[in-house]
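Here is the structure we will look at.
Naming: A, B, ... by sequence-line order, numbering from 1 per chain.
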There are 2 protein chains.
Amino acid sequence: MSAFLNNMFVADSEALLHSSDLSIQRGYAVFDFLRTIHATPLFLQQHLERFFCSAEAMHLKPAKSKEELTQIIEQLIQQSGLQEAGIRLLLTGGYSPDTYHTATPNLLITCNPVKTSSPELFEKGLSVITYPHQRELPHIKSINYLMAVWLHPLLAQKKADDVLYYQNNIITEFPRANVFVVTKENKLITPARNMLKGITRSFVLQEAAVFMETEERDISIDEVYNASEVFLTSTTRRVIPVLKVDEQMVGDGKPGTVTKKLWNVFMKMEEAMIP
Amino acid sequence: MSAFLNNMFVADSEALLHSSDLSIQRGYAVFDFLRTIHATPLFLQQHLERFFCSAEAMHLKPAKSKEELTQIIEQLIQQSGLQEAGIRLLLTGGYSPDTYHTATPNLLITCNPVKTSSPELFEKGLSVITYPHQRELPHIKSINYLMAVWLHPLLAQKKADDVLYYQNNIITEFPRANVFVVTKENKLITPARNMLKGITRSFVLQEAAVFMETEERDISIDEVYNASEVFLTSTTRRVIPVLKVDEQMVGDGKPGTVTKKLWNVFMKMEEAMIP
């Protein structure tokens, strides 16, 4: 039992959807993803809040309240016996009689082992490429990752770890992570629009504001090329330095002071959650 | 038995996918849709050709050949007992171990009753609105209809039957149909790029060329507003007049000569298929 489908707990092998579901027919669904630390969900309220915002923006209504979802998630974690788990909440367009219009949404919650970034990955950092693309309805956490998955062969060919989207020369986000830039003037900047506002992004912005100037605004590709530090934030990767962009070295090619500081702040927050 | 899943015929209720499928996780899948006339598939080879093109462009390889798919489709039609059926071929990114990268694709073929356009719908015609949007990877028939489904409430509010996408003032397509314009000079024009080339579109272009000048090129919204006729083509709707665009009447607000002629050509082709 490691999943919850609509009204009941089911074995993972029973986490099935009929092919008439609008996620399968038309890629129409929203989701959210969070993880646990010592069996305690991290930023649960923020993830639930965003899940409900995504659902509403997609004209989908979850049949469960935030309180009910919280209980279901806690039960899933307990049943799984996992200390470090990834919880995925999915709300689809439902079993559509005409394969085109929404019906009663299907709600699926899964709880599985999760892999997070290691100190080794932090030291090694990431090499990324830029690519011109604007996600559709970017404020919604929909399941539309068509471009991201389609680009996998290009990433392999370029030996890149991830792709940074831009449009009209302005960077927006990675497919599953937010981007931050430390300028030569030691200011922390991050895009303000046309992307999904990550929960880790919010935490990092707030923590950084304690010790440095921060700003949410448009960032050009050139500013990325000329940055002293670039890093990404995500639920599983936390805070990871980007050391190469389009084959160009960022700063001195090593994890920078601000990135390190924010990684340490994040790890301390996690340690504080250990009972 | 009205579906085929990977390697076997299954009842429709058994046409299930596990939630780890990349269609459900990331909206990553391609499909095609054709219909039968008196139990004979219409434009089967063209649809199979396009299905394989979509699959290849998405880096997905069907485990069945066109010949095998043809046999499966014929068997499905026979089993269904339907004279007029809709056949949907779906190829997904597969059961992804990391919910992000493709695995062995899942192939699902369904055969269900289909509703086609009636002479009454032809006479009534359609009222459409325009909307600024460019589909991602438009040459691929992917399951990404995020924008199309998301716009349903707007269509209802505007009392419109469908939405015509445009970008930079150039029209491209409807979510599930191609657009044609008859100019005041009695030339038939249709977009040439940034859209999916429909099978019905090809047939109509070919048939129209017999009796009038045709051209594939960029078309501005103003050309649509000033057209003598506008119509759409699709597998289920055949050739249907668009009589209102953004609340403005097209021509004299009645189905035009060219549209009627092409509808008749299409219906005669269908009648010729009756044994």
Counting heavy atoms not belonging to [X], are there more than 12 under 6.0 Å from its [atom1]?
X       : atom1 : result
B/Gln83 : CD    : yes
B/Gln71 : CD    : no
B/Lys64 : NZ    : yes
B/Lys61 : NZ    : no
A/Glu68 : CD    : yes
B/Glu84 : CD    : yes

Check the pair B/Leu90, A/Ile24 against side-chain contact (heavy atoms from CB on, under 4.5 Å), reporting the backbone distance first and the verdict last. CA-CA 9 Å; B/Leu90 178 79; A/Ile24 299 169; 3.5 Å; yes

Between [X] and chain B, with a heavy-atom cut-off of 4.5 Å, which part of the residue counts as in contact: side chain, backbone, both or neither?
X        : value
A/Ala15  : both
A/Leu22  : side chain
A/Ile140 : side chain
A/Leu108 : side chain

Side-chain heavy atoms of [X] within contact of [Y], under 4.5 Å:
X        : Y        : answer
A/Leu146 : B/Met58  : yes
B/His152 : A/Thr102 : no
B/Gln25  : A/Phe31  : no
B/Pro175 : A/Tyr100 : yes

N/O donor-acceptor pair under 3.5 Å between A/His59 side chain and B/Trp150 backbone: yes

About how many Å separate OG1 of A/Thr99 and CZ of B/Arg176, when rounded to the nearest 0.5 Å?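 If I round to the nearest 0.5 Å, the distance is 6.5 Å.
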
Look up atom CG in A/Asp98 and atom CG in B/Asn112, then write down how far apart they are to the nearest 0.5 Å.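 A/Asp98 CG to B/Asn112 CG: 12.0 Å, rounded to 0.5 Å.
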
Regarding B/Arg88 and A/Ser19, is there a side-chain donor-to-acceptor distance under 3.5 Å anywhere? no

A/Leu17, A/Asp21, A/Leu16 screened by side chain to side chain contact (heavy atoms under 4.5 Å, CB included) with B/Leu16, the one that passes: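 Of all the options given, the one that passes is A/Leu16.
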
Part of B/His18 lying under 4.5 Å from any heavy atom of chain A: both

Region of B/His133 in contact with chain A, defined by heavy-atom distances below 4.5 Å: side chain

Name all residues meeting the salt bridge (charged side-chain N to carboxylate O under 4.0 Å, His left out) criterion together with A/Arg26; count only those two or more places apart in sequence or in a different chain, and write none if there are none.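 Testing A/Arg26 for salt bridge (charged side-chain N to carboxylate O under 4.0 Å, His left out), a comparison that skips the adjacent residues, returns none.
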
Options B/His101, B/Lys115, B/Gln134, B/Glu14, ranked by heavy-atom pairs under 4.5 Å with chain A, top entry: B/His101

